[in-house]
Amino acid sequence: MASSLSVLVLLCLATAAKAQLSPNFYSRSCPRALATIKAAVTAAVAQETRMGASLLRLHFHDCFVQGCDASVLLNDTANFTGEQTAFPNAGSIRGLNVIDNIKAQVEAVCKQTVSCADILAVAARDSVVALGGPSWRVLLGRRDSTTANISQANSDLPAPSLDLANLTAAFAKKSLSRSDMVALSGAHTIGQAQCQNFRAHIYNDTNVNSTFATLRKANCPAASGSGDGNLAPLDVTTPTAFDNAYYGNLLVQSGLLHSDQQLFNGGPTDRLVRTYASTPRRFNRDFALAMVRMGNISPLTGTQGQIRLTCSKVN
Ligand code: HEM
C-alpha cells in the first residue's frame, strides 16, 4: 500500500516537474485573449507587412535566450541590462511597440492574466497566418521572467556568419534538431536584413548566384560602414508572402545570408531543402510542428516568474 502510494506521488511529481503548456490555458480565465491578439496582429500587419516578420522573429529571439519567457521585452534597469542591446538585437529587433499595444488591449479584457511570453507565441502564429502561411494550435501557460540575460543573447542567438555545423549546434543547444533548424529557417521567406549582415556573403562567398549578387550589391556597398543599414528582402522571389520560395532560392544559390545558403551547400541538409522547395505542404506542416517545439523551450510555468502588467518591465 505504502509503496503504491509513493509510486503515485512520484508519478504526480514527475508530471508536475515537466512543464505543462496547454492550448486551452486561457479558455476560462480569458476567453477573449486569442481573438484580441489576432485582431491586433492582423491590423498591424495590414498597416505594415514587415511587422509580421518582425513579430515572428521576436518570439524566436525570446525563446533562444532563457527560454520563452518574454525576457527579450525587458528594458534595461538599475539591476540588469536587458537583451535589446545584444548584438543580434541592437538596431534590428522591431515590433516592441506593437507588443506593448497588444498587451494593453489584453489587460483591458483580463487583468494580469495573460503573459507577455504567450502573447509573443500567439502573435508569431497570427503573423504567419496573416501573410498566408500555415496555422497551428499555440500551447499556452508560459509566465514572464523577472530577469534578462544579455550575455546569453550574445552567445546563443545564431549569427549569420555561422556554418552548417555551428548552426546545427546552436539549435541542438535548445534541444531542436537539424531538421527543425531547416524548417524554422523557412521564416526567412518573409522580412528583411541589413547590408551589414549579408555583405560578406554577396562579396566574398563563392556559392552565390552572380546575377543575384549583382542585384544585392547595387544597394549594399562593399566598404564596411557605408550602407550598413540598407535593407534587402530575405526572400528575393516573394518577399512578403509566407510560402516555400525561400527554399527555391537556395536551390539557385540566392539565399541572402551566408547562414541561409549553408542549408543548401552540398551537405546533409540539401535533401530536406529540396523537399521543402518542391512540396509546400511538407514545409507548412514541419514549420508548424517546429514552431510548437521552439515555443516549448524551457517555459516558466505554475508559480514561477510572474504575469507582467507591462511587457517592458518587471512588476
Ligand atoms: C538559423 C539561424 C538564423 C540566423 C543566423 C538568423 C539571422 C537573421 C538575421 C541576420 C536577420 C536580419 C537582421 C537584420 O539585418 O536586422 C534575420 C531576420 C529575420 N529572421 Fe532570422 N535567423 C535565423 C533563424 C531564424 C528563425 C528560427 C526565425 C523564426 C522562426 C527567424 C526569423 C526571422 C525573420 C522573420 C526575420 C526578418 C525580420 C524583420 O524583417 O524584421 N530567423 N535573421
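As the structure lists them, so they are numbered: ligands from 1, and atoms in each ligand from 1. Position 1 is the first residue of the sequence; numbering continues from there.
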Chemist: Of the protein's non-hydrogen atoms, which lies at the shortest distance from atom 25 (C) of ligand 1, and what is that distance?
Modeler: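 Closest protein heavy atom to atom 25 (C) of ligand 1: F60 CE2, 3.3 Å.
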
Chemist: Quick one: look at L184 and ligand 1, take heavy-atom pairs under 4.0 Å, and tell me if it's side chain, backbone, both or neither.
Modeler: both

Chemist: If you take the nearest heavy atom of each of P158, A170, G91, which one is closest to atom 2 (C) of ligand 1?
Modeler: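 Of the listed residues, P158 has the closest heavy atom.
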
Chemist: What are the atoms of ligand 1, with element, lying closer than 4.0 Å to any heavy atom of A187?
Modeler: 28 (C), 29 (C), 30 (C), 31 (C), 32 (C), 35 (C)

Chemist: Are F287 and F242 close enough that their ring centers fall under 6.0 Å?
Modeler: yes

Chemist: Considering only heavy atoms of L234, which atoms of ligand 1 have at least one such atom less than 4.0 Å away?
Modeler: 18 (C), 19 (C), 36 (C), 37 (C)

Chemist: Identify, for atom 42 (N) of ligand 1, the protein heavy atom at the shortest distance, and state residue, atom and that distance.
Modeler: H188 NE2, 2.9 Å

Chemist: Looking only at side chains, do Q105 and T36 share a donor and an acceptor under 3.5 Å apart?
Modeler: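 Side-chain D/A pair, Q105 to T36: absent.
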
Chemist: Mind checking the CG-CZ spacing from D156 to F64? Nearest 0.5 Å is all I need.
Modeler: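 D156 CG to F64 CZ: 8.5 Å, rounded to 0.5 Å.
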
Chemist: Of all the atoms in ligand 1, which lie at a distance below 4.0 Å from a heavy atom belonging to F171?
Modeler: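 Those atoms are 1 (C), 2 (C).
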
Chemist: Evaluate whether atom CZ of F87 has more than 12 neighbouring non-hydrogen atoms of other residues, nucleotides or ligands under 6.0 angstrom away.
Modeler: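 Incorrect, the count does not exceed 12.
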
Chemist: Examine the proximity of ligand 1 to L257 and report which part, side chain or backbone, both or neither, has a heavy atom under 4.0 Å away.
Modeler: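 Just the side chain.
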
Chemist: Atom SG in C116, atom CD1 in I102: separation rounded to 0.5 Å?
Modeler: 10.5 Å

Chemist: I'd like to know if the side chain of R293 pairs up with that of S177 as donor and acceptor (distance under 3.5 Å, no hydrogens or angles considered).
Modeler: no

Chemist: Test of understanding: given a 4.0 Å heavy-atom threshold, classify the contact between Q196 and ligand 1 as side chain, backbone, both, or neither.
Modeler: neither

Chemist: For R94, is the CZ atom crowded, meaning more than 12 foreign heavy atoms sit under 6.0 Å from it?
Modeler: yes

Chemist: Can you find a non-hydrogen atom of L167 under 4.0 Å from ligand 1?
Modeler: yes

Chemist: May I ask you to check whether S259 has an N/O atom sitting below 3.5 Å from an N/O atom of ligand 1?
Modeler: no

Chemist: Take atom NZ of K313 as the centre, draw a 6.0 Å sphere, and report whether it contains more than 12 heavy atoms from other residues, nucleotides or ligands.
Modeler: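 Counting neighbours around NZ of K313, 12 or fewer heavy atoms of other residues, nucleotides or ligands fall under 6.0 Å, so no.
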
Chemist: CG of N230 to CZ of R216: how many Å apart, nearest 0.5 Å?
Modeler: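 Output value for this atom pair is 11.5 Å.
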
Chemist: Will you find, in the side chains of T240 and R50, an N or O donor that is under 3.5 Å from an N or O acceptor?
Modeler: no

Chemist: In terms of side-chain heavy atoms, does N149 have a donor or acceptor partner in S151 at a distance below 3.5 Å?
Modeler: yes

Chemist: Relative to the heavy atoms of Q192, which atoms of ligand 1 are at a distance of less than 4.0 Å?
Modeler: 12 (C), 37 (C), 39 (C), 40 (O)

Chemist: Give the residue and atom name of whichever protein heavy atom lies nearest to atom 19 (C) of ligand 1, and the separation in Å to one decimal.
Modeler: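 The protein heavy atom lying closest is R57 CD, 3.3 Å.
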
Chemist: Quick one: which of L56, L58, L176, N197 has a heavy atom closest to atom 14 (C) of ligand 1?
Modeler: N197

Chemist: Suppose we measure from atom 41 (O) of ligand 1 to each protein heavy atom; which comes out shortest, and what is that distance?
Modeler: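 Nearest protein contact, heavy atoms only, for atom 41 (O) of ligand 1 is S54 OG, 2.7 Å.
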
Chemist: If the cut-off is 4.0 Å to any non-hydrogen atom of G191, which atoms of ligand 1 fall inside it?
Modeler: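 Answer, ordered by atom number: 37 (C), 40 (O).
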
Chemist: Are any of the N/O atoms on S92, whether in the backbone or the side chain, positioned under 3.5 angstrom from an N/O atom of ligand 1?
Modeler: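 Yes; at least one N/O pair falls below 3.5 Å.
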
Chemist: For a quick check under 3.5 Å, do S71 and D69 share a side-chain donor-acceptor pair by atom type?
Modeler: yes

Chemist: For R50, which part has a heavy atom under 4.0 Å from ligand 1: side chain, backbone, both, or neither?
Modeler: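 Side chain only.
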
Chemist: Report, as yes or no, whether the 6.0 Å neighbourhood of atom CZ on R271 holds more than 12 heavy atoms from other residues, nucleotides or ligands.
Modeler: no

Chemist: Identify, by atom number and element, the atoms of ligand 1 in contact range of A159, meaning under 4.0 Å from any of its heavy atoms.
Modeler: 5 (C)

Chemist: Using the rule given for side chain to side chain donor-acceptor pair (under 3.5 Å), can you reason through R308 versus S145, listing the C-alpha separation, both sets of side-chain angles and the distance that settles it, and then say yes or no?
Modeler: CA-CA 8 Å; R308 282 183 216 145; S145 72; 3.0 Å; yes

Chemist: How far is atom 10 (C) of ligand 1 from the closest protein heavy atom, and which atom is that?
Modeler: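 Going atom by atom, the protein heavy atom closest to atom 10 (C) of ligand 1 ends up being P160 CG, 3.6 Å.
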
Chemist: Suppose we measure from atom 35 (C) of ligand 1 to each protein heavy atom; which comes out shortest, and what is that distance?
Modeler: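 Going atom by atom, the protein heavy atom closest to atom 35 (C) of ligand 1 ends up being A53 O, 3.1 Å.
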
Chemist: Report the nearest protein non-hydrogen atom to atom 12 (C) of ligand 1: residue, atom name, distance rounded to 0.1 Å.
Modeler: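 The protein heavy atom lying closest is A193 CB, 3.5 Å.
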
Chemist: Would you check the N or O atoms of S185, main chain and side chain alike, for any that come under 3.5 Å of an N or O of ligand 1?
Modeler: no

